[in-house]
Amino acid sequence: MARELEIKMSLTAEDQDEAADWLLAQPGASEGATNDLVNIYYDTLAGDLNRQAIALRVRQSGNRFIQTLKTRGEFVDGAHHRQEWEWPLADARLNLDLIASTPACEHINLAALRPMFETNFRRRTVMLRDDAAEIECALDRGHIVADGRTLALIELELELKAGADQQLVQWARRVADRVPLFVNLISKAEQGY
């Protein structure tokens, strides 16, 4: 299990492009990978995971598959703090054995889990490195698909990979000084629901 600390912001496509250009112009910035991500989220028909503020997904990026379990966690000083478990998979099939031993799923009927919705998007990454922190900037653009409906998804996520927590907030403020955006307290999983 890892601790995830991130700030998610919503913005327009044009402002996302401007933010990407500005981020890449910063000292210590480098262009990362751009990937198309297909994410299938699972829950019971009764929404047992959602009621416990848990998200379970299988993500495909090219020929790689990763199963992820996240708790909603807390929102503190503008950043999400949550628990996260990740496991590589051989294919897109959900592996119930991996999540059975996590404390997050102790009271869930795992056999009742079903695909509920998808979040499919192109992710462009920019890495920021300075003396105090390393931050991954994920620029996501795509759609959430649920029950035959589609919702546009345009986000910028800043995730602290190393360093001081306050650096994450400082970088988010610097981006907000450049382009209009709002801090999004609703995860992709919550938007899917």
Side-chain angles (χ1 to χ4, degrees), residues 2 4-26 29-43 49-50 54-70 72 80 82 84-96 98-99 113-129 134-161 168 171-172 175 178-179 181-193:
E4 182 182 58
L5 181 62
E6 71 179 13
I7 297 175
K8 182 194 321 269
M9 298 165 280
S10 293
L11 61 173
T12 67
E14 295 79 18
D15 290 332
Q16 187 190 61
D17 291 339
E18 186 177 335
D21 292 343
W22 181 81
L23 288 165
L24 283 167
Q26 300 310 299
S30 61
E31 181 95 33
T34 298
N35 295 301
D36 291 320
L37 304 176
V38 175
N39 305 277
I40 300 174
Y41 284 80
Y42 291 83
D43 204 341
L49 290 176
N50 186 43
I54 298 169
L56 173 63
R57 74 168 184 239
V58 173
R59 169 175 282 170
Q60 178 180 358
S61 176
N63 60 0
R64 292 185 53 226
F65 299 89
I66 298 174
Q67 182 171 302
T68 304
L69 178 72
K70 292 185 182 190
R72 181 171 297 149
H80 285 107
R82 64 181 131 217
E84 176 181 82
W85 294 262
E86 285 192 336
W87 306 273
L89 298 174
D91 55 37
R93 287 178 290 182
L94 185 66
N95 184 329
L96 298 178
L98 294 172
I99 59 175
L113 293 173
R114 303 283 179 266
M116 300 302 287
F117 57 89
E118 295 184 19
T119 62
N120 303 319
F121 50 91
R122 174 163 286 169
R123 171 168 283 175
R124 178 181 179 193
T125 57
V126 174
M127 294 303 299
L128 299 173
R129 291 177 184 88
E134 180 179 341
I135 296 170
E136 180 184 73
C137 306
L139 299 116
D140 296 340
R141 194 178 302 186
H143 297 91
I144 299 170
V145 181
D147 291 331
R149 294 179 295 174
T150 302
L151 176 68
L153 176 70
I154 305 170
E155 294 179 342
L156 168 58
E157 290 182 3
L158 303 180
E159 182 176 347
L160 185 67
K161 294 297 188 179
L168 188 66
W171 274 104
V175 175
R178 303 294 302 176
V179 298
L181 50 80
F182 68 92
V183 174
N184 191 342
L185 305 179
I186 303 171
S187 70
K188 290 177 181 73
E190 290 171 299
Q191 293 178 63
Y193 281 103

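Worth knowing before you read on, the calculation uses all heavy atoms, side chains too, and leaves out hydrogens, waters and symmetry mates.
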Report the C-alpha separation of Asp140 and Lys8 in whole Å, then their side-chain angles, then the decisive distance to 0.1 Å, and conclude whether the salt bridge (charged side-chain N to carboxylate O under 4.0 Å, His left out) test is met.
CA-CA 10 Å; Asp140 296 340; Lys8 182 194 321 269; over 6 Å; no
Return yes if some donor-acceptor pair links the side-chain N/O of [X] with the main-chain N/O of [Y] below 3.5 Å, else return no.
X	Y	answer
Arg141	Ala13	yes
Thr125	Ala33	yes
Asp43	Leu49	yes
Gln16	Ile154	no
Asn184	Ser10	no
Gln26	Trp22	yes
Gln60	Gly62	yes

Salt-bridge criterion met for Asp21 and Arg178 (N-O under 4.0 Å):
no
Evaluate side-chain contact (heavy atoms from CB on, under 4.5 Å) for Val58 paired with Arg93, printing each intermediate quantity in order.
CA-CA 8 Å; Val58 173; Arg93 287 178 290 182; over 6 Å; no
Minimum heavy-atom distance between [X] and [Y], given as atom pair plus value:
X	Y	value
Glu155	Leu11	C-CD2, 3.9 Å
Ala55	Tyr41	CB-CE2, 4.2 Å
Ser30	Arg129	OG-NH1, 3.3 Å
Asn39	Thr119	ND2-O, 2.6 Å

Set out, in order, the CA-CA distance, both residues' side-chain angles and the distance that settles side-chain contact (heavy atoms from CB on, under 4.5 Å) for Asp15 and Leu181, then state yes or no.
CA-CA 8 Å; Asp15 290 332; Leu181 50 80; over 6 Å; no
Does the pair Leu56 and Gln67 meet the rule for a side-chain contact (heavy atoms from CB on, under 4.5 Å), with working shown?
CA-CA 7 Å; Leu56 173 63; Gln67 182 171 302; 4.2 Å; yes
Side-chain donor-acceptor pairs under 3.5 Å in residues 142-152, sequence neighbours left out?
none

